[in-house]
Amino acid sequence: MNTDNTIVMGVIGQDCHSVGNKVLHFAFKEKGFVVHNLGVQCSQEDLIKAAKEVNADAIVVSSLYGHAELDCRGFSTNCIKNGLNNVLLYIGGNLSIGKSEWEVIERKFLKMGFNRVFSASDDLEWAIDSIYNDISLRKFKHPVSVTENKDASQKRKVN
Amino acid sequence: MNTDNTIVMGVIGQDCHSVGNKVLHFAFKEKGFVVHNLGVQCSQEDLIKAAKEVNADAIVVSSLYGHAELDCRGFSTNCIKNGLNNVLLYIGGNLSIGKSEWEVIERKFLKMGFNRVFSASDDLEWAIDSIYNDISLRKFKHPVSVTENKDASQKRKVN
Amino acid sequence: MQVKNVKLTKDQFYKTRKQVLESWSTGKSLSLDESFRYLNSLPEHKYFSKVLDNAKRNNKLLLQPRGGVATLRGQKTLLEGFIKAGADLMPVTIDSYTRQNEYLKSEKGLSESLTTKKSVLNGFPAVNHGLKGCRELNNSITKPLQARHGSPDGRLLAEIIHASGWTSNEGGGISYNIPYSKNVSLEKSIYDWQYCDRLVGIYEEMGISLNREPFGPLTGTLVPPSISNAIAIIEGLLAAEQGVKNLSLGYGSVGHIVQDIAAMISLRTLATDIFKKYGYTINLSTVYHQWMGNFPREESAAYSVINLGSLTAVLSAANKMILKTPHEAEGIPTLEANMDGIRTSEHMVKMISSQIGSIKIDVTDELQIINEETNLIIDKVLDTGDGDLVQGTIKSFANGVLDIPFAPSIYNQGSVIPIRDHLGAVRILEFGNLPFNSHIKNLHREKINKRVKMENRKANHDMIVSDIFSISNGSFFKRKSHEVMKC
Amino acid sequence: MQVKNVKLTKDQFYKTRKQVLESWSTGKSLSLDESFRYLNSLPEHKYFSKVLDNAKRNNKLLLQPRGGVATLRGQKTLLEGFIKAGADLMPVTIDSYTRQNEYLKSEKGLSESLTTKKSVLNGFPAVNHGLKGCRELNNSITKPLQARHGSPDGRLLAEIIHASGWTSNEGGGISYNIPYSKNVSLEKSIYDWQYCDRLVGIYEEMGISLNREPFGPLTGTLVPPSISNAIAIIEGLLAAEQGVKNLSLGYGSVGHIVQDIAAMISLRTLATDIFKKYGYTINLSTVYHQWMGNFPREESAAYSVINLGSLTAVLSAANKMILKTPHEAEGIPTLEANMDGIRTSEHMVKMISSQIGSIKIDVTDELQIINEETNLIIDKVLDTGDGDLVQGTIKSFANGVLDIPFAPSIYNQGSVIPIRDHLGAVRILEFGNLPFNSHIKNLHREKINKRVKMENRKANHDMIVSDIFSISNGSFFKRKSHEVMKC
Ligand code: B12
Ligand code: B12
């Protein structure tokens with residue numbers, strides 16, 4: 001796949017888990033996405049600001065450390081408040097504190113406005129393909145101008 | 001404790017588990033019981049016959065291999081049929097096939113006429129003390145003549 | 001009749017066969033020719049011998065759980081679950097009534113299981129299921145099947161399972177008698193197992209390679225490695241004489257890494273040498289049994305015991321490992337518990353296999369002891385039988401040259417008493433009539449004395465009872481200030 | 001201000017202390033004298049230092065789980081459960097908001113947890129609980145307490161927990177910054193941890209011995225042993241300069257028995273030598289962390305990983321082991337899962353400790369590599385700082401002489417790329433600016449090449465991703481014909 005799909009990604013809140021973030025970044029890049037990776041410990045504001053800057057198709061949020069729910073409150077509303085009406089929202093990782101029933105977690109985050117919710121054990125290929133398809137469909141319905149720069153995060157210092 | 005309490009013990013049915021039988025034998029002996037150990041693979045008849053011969057206070061049955069229920073059917077009735085009205089009946093070991101609820105198992109074997117039912121994890125000291133007390137109480141209520149020979153199974157070939 | 005270690009003649013075999021097949025209704029319809037055709041039609045991956053060869057070539061440790069339930073449907077579900085969890089070789093554990101040829105009792109248990117939809121038998125009554133049921137099972141499962149039982153007389157069972165395409169049979173005249181029976185004479189059990197081995201030899205002559213596996217762990221309880229290895233090799237020789245060519249020799253862990261590795265190396269090398277010496281061409285493989293003695297009740301602790309086994313099996317380059325489950329102490333495991341046992345074993349095996357090339361453990365001392373002892377026993381047994389291994393075995397059990405600790409058989413002396421030493425290895429406190437020299441005996445005594453000093457406690461019955469429970473307790477010692485490697 | 005490796009003056013310390021205590025309401029009432037009296041009144045068994053000494057004398061491996069929940073009552077229940085299951089040392093894992101000094105957020109999380117009766121925080125917000133809550137916890141638990149967190153600035157936390165009788169604090173200016181933060185400068189975190197260490201030094205001067213433990217495993221993901229050991233020793237030296245006397249240095253398993261044992265031996269011996277060389281009198285103990293990287297989701301497989309850790313910890317003569325649970329991959333473990341983790345660990349530890357005297361594993365090659373590499377790193381760091389360890393550390397991270405794989409910090413180069421070799425050990429594919437000589441580099445390259453050949457696969461990003469998941473997958477290799485020890 002070679003696309004001009006642009007995503008902003010990052011690990012939200014005070015979460016420092018950086019290994020998955022690096023793996024995910026690489027996987028999106030391999031699938032041809034333009035990836036703006038903010039790394040770990042991003043606030044909602046960081047993600048929204050970057051998404052506006054690069055005119056992102058989607059924001060891909062990770063949370064591993066258990067505070068996902070606390071950190072994501074109002075995220076979807078904040079996006080709209082900031083004029084991001086069309087951006088798709090994704091989240092994945094260890095989304096609850098402790099071993100919980102997946103359906104409950106998924107429902108919770110869907111209700112919060114995320115377009116899809118992924119567990120840490122979901123197949124990455126499949127997840128990225130789903131996101132790819134969502135974006136394609138959305139673009140087909142709402143054609144918008146597309147940003148130029150490829151993988152801008154390479155210019156940014158991200159570790 | 002130094003007693004003249006006499007027991008007949010053995011592992012019932014086709015059960016070959018001999019290690020616990022040897023440990024149990026030793027433990028009863030240490031507590032001063034007169035022990036007639038028939039070893040493994042005893043039929044109900046073997047146990048009843050020996051109990052009559054030595055005028056036993058109790059028959060101590062083991063079953064490890066899962067067929068306890070099948071092997072013990074009618075045991076209490078058979079004892080009475082053979083004139084063993086006063087003998088106490090005990091059973092212990094792995095008394096069901098598979099991990100089961102202990103209460104259910106216990107109830108089942110109590111209903112079959114056993115005076116006490118022990119699980120493999122019960123404390124042996126405590127178990128033997130309980131049996132000791134039962135016999136003392138029974139003797140106090142129904143005084144009977146008492147056999148002479150100490151640990152007759154030493155004369156018997158038991159492995 | 002005096003049983004000798006001589007290949008049964010066709011005459012003898014077929015005469016006996018008639019009686020065997022008539023002993024229960026399901027035996028009557030068996031025909032060797034028809035069975036040959038069926039076996040011959042099976043693909044390679046249904047053959048123990050082929051799967052073992054493959055694994056040996058690839059240095060892969062094959063995993064085999066245990067398991068048997070009364071009904072056909074139940075057994076299928078069980079085996080399918082085993083495969084799903086990652087098992088390589090299929091067991092069918094036979095119920096205890098069948099093992100004692102009490103087919104009427106197992107028939108009852110089977111029908112009760114069918115009505116109550118709950119297995120009231122502790123295994124699969126293969127004789128009652130007969131050719132029809134056993135083949136149906138075989139056809140529905142993609143991996144090779146083995147009968148695992150404990151029958152002193154498993155002749156009809158052997159006929160039925162092999163004819164049903166089960167390509168391996170566990171057991172032997174010693175290993176399925178002395179630990180499993182009280183009253184059966186060795187004379188009879190060895191003779192009956194010669195039949196089972198001869199049956200495999202006859203199939204071998206027809207070009208069908210079936211696997212045979214003496215039961216290594218015996219009573220599973222503190223059996224000194226040289227005793228179990230000597231018996232495994234003797235049973236191997238007896239099988240070889242009857243024409244068995246594909247042989248797996250097993251060993252039951254004593255829960256001591258160094259002793260277990262040494263025991264496995266010794267088993268493999270001595271068996272190879274001795275088969276060669278006596279002119280038998282054998283395709284040998286080795287089997288490691290995870291701890292066979294008393295298990296911890298706590299499932300989390302059972303996992304540790306299982307994982308210790310997997311680690312050692314890989315380190316000792318076994319070809320197959322027989323698995324336990326976290327339910328071991330409680331009762332026949334559920335399918336789920338069995339799957340957990342398979343998964344945890346497989347995971348450990350993979351991790352250790354991935355790094356095995358870097359692990360060098362020194363086991364030379366232990367290896368030398370086991371080699372010497374095993375040779376002393378086997379030589380003395382042969383000697384006792386004036387060169388005849390069957391008579392030697394029977395007489396050796398009678399006079400205690402062969403002696404299995406804690407065994408229930410009246411044909412076993414029970415004079416040998418094992419005990420752990422100061423470093424946890426299994427030694428011998430009472431030698432009974434074991435044919436050991438004073439050098440060996442002193443070695444055992446010295447090591448036991450070290451423990452006596454270390455624990456400040458007598459080497460008596462009480463200590464032996466502790467040792468029976470050592471693996472289920474975790475600690476092998478009562479008041480040991482754990483001696484940890486100083487660097 | 002340029003931070004140097006010099007003991008903070010009392011002036012500096014007390015000036016800073018004022019600000020620290022004022023940063024949140026619960027800090028305001030603290031008094032060192034009152035805290036001294038409280039600490040002084042505690043019995044010996046509440047002291048990490050004493051319990052560790054005891055364990056070292058008896059060669060006992062102490063067990064410490066992890067765990068923290070929002071509420072006091074929840075934390076008590078948790079710790080009581082740990083003790084019941086057999087844990088020796090108590091953790092209080094602090095929530096992620098507190099670690100970042102966001103006490104307002106943790107306050108919210110705490111009150112939400114109190115109303116919903118379910119912890120919505122991933123740890124215990126000790127600062128919010130304050131002296132009152134933390135002492136109440138300490139008084140209700142019979143074993144010593146340690147704070148485990150990940151705070152780049154844990155000064156107020158340190159004040160509160162030590163004043164509350166928690167006799168150990170985990171962390172350090174490097175180990176609680178680079179793996180845990182994106183934007184915090186090393187200058188700041190080292191300075192702030194000098195404060196924490198100085199606080200312990202001051203208690204030490206008053207005769208109260210508190211334990212300090214740098215966080216060994218760093219990112220827990222394929223960190224080459226020489227890198228984590230060098231950092232552990234450097235943090236030890238920094239702590240020692242501030243007056244810390246009781247020090248535990250930790251190491252996170254790479255899941256490779258030989259490399260892990262060698263790493264532990266190297267850590268212990270080099271640290272001892274280097275402390276001596278620089279004139280510090282340190283009571284040293286070592287800590288082994290069961291695998292800290294990605295865990296298998298299947299609980300039965302998680303048990304194998306846990307058990308591998310326990311085995312290696314005993315073999316490497318660690319004094320303390322930090323435990324994982326079968327829930328590791330899923331989320332904060334329940335008490336039950338934590339108890340299972342403790343029990344399975346304890347059981348394996350007991351079994352291996354009972355036989356440790358007989359196990360001799362050759363780790364000399366690996367030991368030599370780790371020793372040499374660690375010395376090269378530490379020497380270069382000192383050199384880089386013109387003899388000052390703080391400046392040397394800061395500059396070394398800036399230029400990549402110190403470099404932690406996969407770390408999130410922008411102060412970390414991230415040029416070092418680890419990879420497993422053909423025998424499963426962790427090697428280095430990209431050295432970045434590590435101060436290794438060509439002899440060492442070639443050694444890594446050769447071994448990595450062997451894997452490339454063995455797997456017939458490139459040493460690239462794809463392989464590294466496989467390696468991140470190697471322990472959770474079990475197999476370290478994709479198409480390896482498992483090379484098993486030939487005997
Ligand atoms: C060693 C062993 C064997 C050895 C036995 C060797 C021998 N001759 O003794 C071998 C390998 C031969 C064997 C064979 C079989 N075994 Co087995 N075996 C075990 C094992 C691992 C340990 C038993 C043991 O020796 N424990 C040590 C002794 C000291 O403890 P104990 O036997 O429990 O006895 C103590 C207590 O139970 C108690 N007790 C016993 N009776 C009584 C009575 C009273 C009144 C009191 C107070 C106390 C009491 O006191 C005893 C002394 O402390 C157990 C599982 C376990 N417990 O870990 C399975 C187990 C008992 N075996 C089992 C089975 C099914 C078999 C086989 C049918 C099939 C098979 N797996 O091959 C055959 C049986 C064949 C037959 N005819 O009996 C099952 C039983 C299943 C069930 N009940 O649901 C078990 C539980 C394993 C399992 N989970 O599947 N086995
Ligand atoms: C390594 C590790 C650490 C390291 C992290 C080092 C670093 N900087 O990365 C250290 C030791 C520092 C650490 C610290 C902590 N950790 Co931690 N840690 C882990 C561990 C063991 C592995 C994580 C990892 O690297 N996995 C490998 C990567 C490749 O996988 P991943 O992170 O899951 O990411 C993949 C998927 O989740 C998925 N994914 C992620 N996001 C998204 C988004 C989308 C859209 C999609 C499609 C997919 C996707 O794709 C990724 C790539 O494959 C996990 C448990 C586990 N998983 O085994 C715990 C774990 C995540 N940690 C946990 C916790 C609680 C903490 C701490 C708060 C407390 C502590 N235990 O010390 C601190 C966190 C501090 C903070 N501020 O964040 C908990 C979280 C609990 C929960 N959710 O209920 C876990 C689950 C452990 C546990 N069971 O308690 N940790």
Side-chain angles (χ1 to χ4, degrees), chain B residues 9-30 37-44 46-47 62-73 93-102 104-105 108 119-125 153-154 156-159, chain C residues 69-70 95-102 105-106 108-109 112-113 118-123 150 152 177-184 219-222 293-294 297-299 325-334 337 404-414 461-462 464-465 468-469 472:
Chain B
M9 64 178 284
V11 187
I12 201 163
Q14 294 305 339
D15 196 334
C16 74
H17 291 90
S18 47
V19 183
N21 173 266
K22 287 174 204 283
V23 172
L24 212 57
H25 180 166
F26 182 81
F28 272 107
K29 246 175 56 185
E30 276 220 317
N37 184 5
L38 310 186
V40 307
Q41 295 175 337
C42 303
S43 63
Q44 294 191 10
D46 295 338
L47 291 161
S62 293
S63 176
L64 283 309
Y65 75 152
H67 288 182
E69 193 185 341
L70 293 176
D71 293 332
C72 291
R73 280 189 189 151
N94 287 65
L95 298 178
S96 70
I97 292 207
K99 208 168 173 165
S100 309
E101 229 190 301
W102 175 246
V104 179
I105 301 173
K108 186 182 288 171
S119 91
S121 57
D122 281 340
D123 181 65
L124 218 53
E125 285 262 334
S153 70
Q154 296 205 329
R156 216 178 283 241
K157 173 99 180 122
V158 178
N159 272 281
Chain C
V69 292
D95 71 289
S96 290
Y97 294 137
T98 300
R99 296 167 181 218
Q100 305 289 336
N101 314 97
E102 300 213 40
K105 282 199 182 168
S106 39
K108 266 194 209 155
E112 197 172 323
S113 304
K118 182 176 165 288
S119 183
V120 301
L121 291 178
N122 61 9
N177 175 357
I178 306 296
Y180 282 96
S181 295
K182 184 164 73 173
N183 288 320
V184 177
T219 54
T221 306
L222 304 174
N294 199 55
R297 222 144 263 279
E298 194 66 60
E299 293 191 23
T325 81
H327 281 187
E328 176 62 17
E330 291 288 348
I332 306 263
T334 58
I404 301 173
F406 309 111
S409 172
I410 59 170
Y411 295 92
N412 186 64
Q413 278 226 352
H461 190 277
D462 203 57
I464 296 150
V465 173
I468 290 172
F469 292 105
S472 34

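Residue numbers begin at 1 in each chain, while the letters A, B, ... track the order of the sequences. What you are looking at is a predicted structure, and each value in this text was computed from that prediction instead of being measured.
- To the nearest 0.5 Å, atom OG of residue S96(B) and atom NZ of residue K118(C) are 7.0 Å apart.
- Of the residues considered (T334(C), I332(C), T219(C), D95(C)), I332(C) shows the highest number of contacts with chain B, using heavy-atom pairs under 4.5 Å.
- Interface remark: of the candidates K108(C), R297(C), R99(C), R297(C) forms the most heavy-atom pairs closer than 4.5 Å to chain B.
- Without hydrogens or angle criteria, N122(C) side chain to Y65(B) main chain gives a donor-acceptor distance under 3.5 Å.
- In this structure, NE2 in H17(B) is found 8.0 Å from OH in Y180(C), a value given to the nearest 0.5 Å.
- No part of P405(C) comes within reach of chain B, as not one of its non-hydrogen atoms sits under 4.5 angstrom from that chain.
- Interface remark: of the candidates E112(C), Q100(C), H461(C), H327(C), H461(C) forms the most heavy-atom pairs closer than 4.5 Å to chain B.
- The heavy-atom pair separating C16(B) from S181(C) by the smallest distance is CB-N, 4.5 Å.
- For S472(C), the side-chain hydrogen bond (donor to acceptor under 3.5 Å, both in side chains) test picks out N294(C), with sequence neighbours left out.
- Under the 3.5 Å distance criterion, the side-chain polar atoms of K105(C) are left unmatched by any main-chain donor or acceptor of L70(B).
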Exercise. Please walk me through it: do K182(C) and C42(B) pass side chain to side chain contact (heavy atoms under 4.5 Å, CB included)?
Worked result: CA-CA 9 Å; K182(C) 184 164 73 173; C42(B) 303; 4.0 Å; yes
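- No other option in L95(B), N94(B), D15(B) has as many heavy-atom pairs under 4.5 Å with chain C as N94(B).
- Both the backbone and the side chain of L121(C) have a heavy atom closer than 4.5 Å to some heavy atom of chain B.
- Taking F469(C) as the reference, nothing meets the ring pair (Phe, Tyr, Trp, His ring centres under 6.0 Å) condition, with sequence neighbours excluded.
- Only the backbone of A329(C) comes within less than 4.5 Å of a heavy atom in chain B; its side chain stays farther off.
- The two atoms that bring I97(B) and S119(C) nearest to each other are CD1-O, 3.9 Å, heavy atoms only.
- Side-chain atoms of S96(C) never come within 3.5 Å of backbone atoms of Q14(B) as a donor-acceptor pair (strictly under, hydrogens ignored).
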